[in-house]
Amino acid sequence: VRHVLMRVLVLGATGRIGSQIVEACAARRLPHLGTWYRNPHPEFAPVDLRDGEAVDDLIADYQPDVTVLA
């Protein structure tokens with residue numbers, strides 16, 4: 001059985017739902033990147049979702065297979 005790893009971008013990873021998604025990705029050993037806005041997290045990228053250019057840049061840089069807006 002061949003496993004395909006998807007790169008997951010979790011926008012809002014420090015919130016209630018986002019943090020659960022990040023935990024699920026980690027448990028499945030999926031490559032993932034979370035973002036934060038108000039609650040700094042040392043392993044996540046800071047991004048203001050109201051800044052469309054910043055979000056576009058993050059997606060272009062990380063190139064996720066799946067993007068989740070939590």
Side-chain angles (χ1 to χ4, degrees):
V1 175
R2 182 176 174 206
H3 294 278
V4 177
L5 295 180
M6 296 183 303
R7 293 168 60 89
V8 180
L9 175 61
V10 183
L11 301 172
T14 58
R16 179 175 286 155
I17 295 169
S19 62
Q20 294 294 315
I21 294 169
V22 166
E23 284 183 25
C25 289
R28 289 163 180 79
R29 298 182 185 204
L30 292 174
H32 61 280
L33 175 64
T35 68
W36 63 269
Y37 175 62
R38 290 194 181 122
N39 302 313
H41 190 287
E43 296 176 15
F44 297 164
V47 69
D48 182 345
L49 297 180
R50 298 171 295 181
D51 183 346
E53 187 174 333
V55 174
D56 288 345
D57 289 346
L58 178 63
I59 291 170
D61 289 344
Y62 188 64
Q63 299 183 348
D65 297 301
V66 176
T67 301
V68 178
L69 176 58

Item to check | Value rounded to 0.5 Å, distance of CG in L11 from CD1 in I59 | outcome: 6.0 Å
Checklist entry - Taking everything shown except L49 itself, do over 12 heavy atoms lie less than 6.0 Å from its CG? => result yes
Item to check | Residue pair L33 / F44: nearest heavy atoms and the distance that separates them | outcome: CD1-CA, 4.5 Å
Checklist entry - Does A13 offer a backbone N or O that forms a donor-acceptor pair with the side chain of S19 under 3.5 Å? => result no
Checklist entry - Applying the 4.5 Å side-chain criterion to the ILVMFWY set and letting contacts propagate, would I17 and W36 be lumped into a single cluster? => result yes
Checklist entry - Looking only at heavy atoms, which two atoms of Q63 and R7 are closest? And how far apart? => result O-NE, 3.5 Å
Checklist outcome for this item: In this structure, CZ of R28 is separated from CG of L5 (nearest 0.5 Å) by 13.0 Å
Checklist entry - What distance separates H32 NE2 from E43 CD, expressed to the nearest 0.5 Å? => result 7.5 Å
Item to check | Interatomic spacing from CZ in R16 to CD1 in I21 - rounded to 0.5 Å | outcome: 13.5 Å
Checklist entry - Honestly curious: do V22 and M6 fall in one hydrophobic cluster under the side-chain, below-4.5 Å linking rule? => result yes
Checklist outcome for this item: Here the pair of heavy atoms bringing P64 nearest to V8 is CB-C, 4.5 Å
Next on the checklist: If hydrophobic clusters are built from ILVMFWY residues whose side chains come within less than 4.5 Å, do V66 and L58 share one?
Outcome noted: no
Item to check | same_hphob_cluster(V68, V55) at 4.5 Å side-chain heavy-atom cutoff | outcome: no
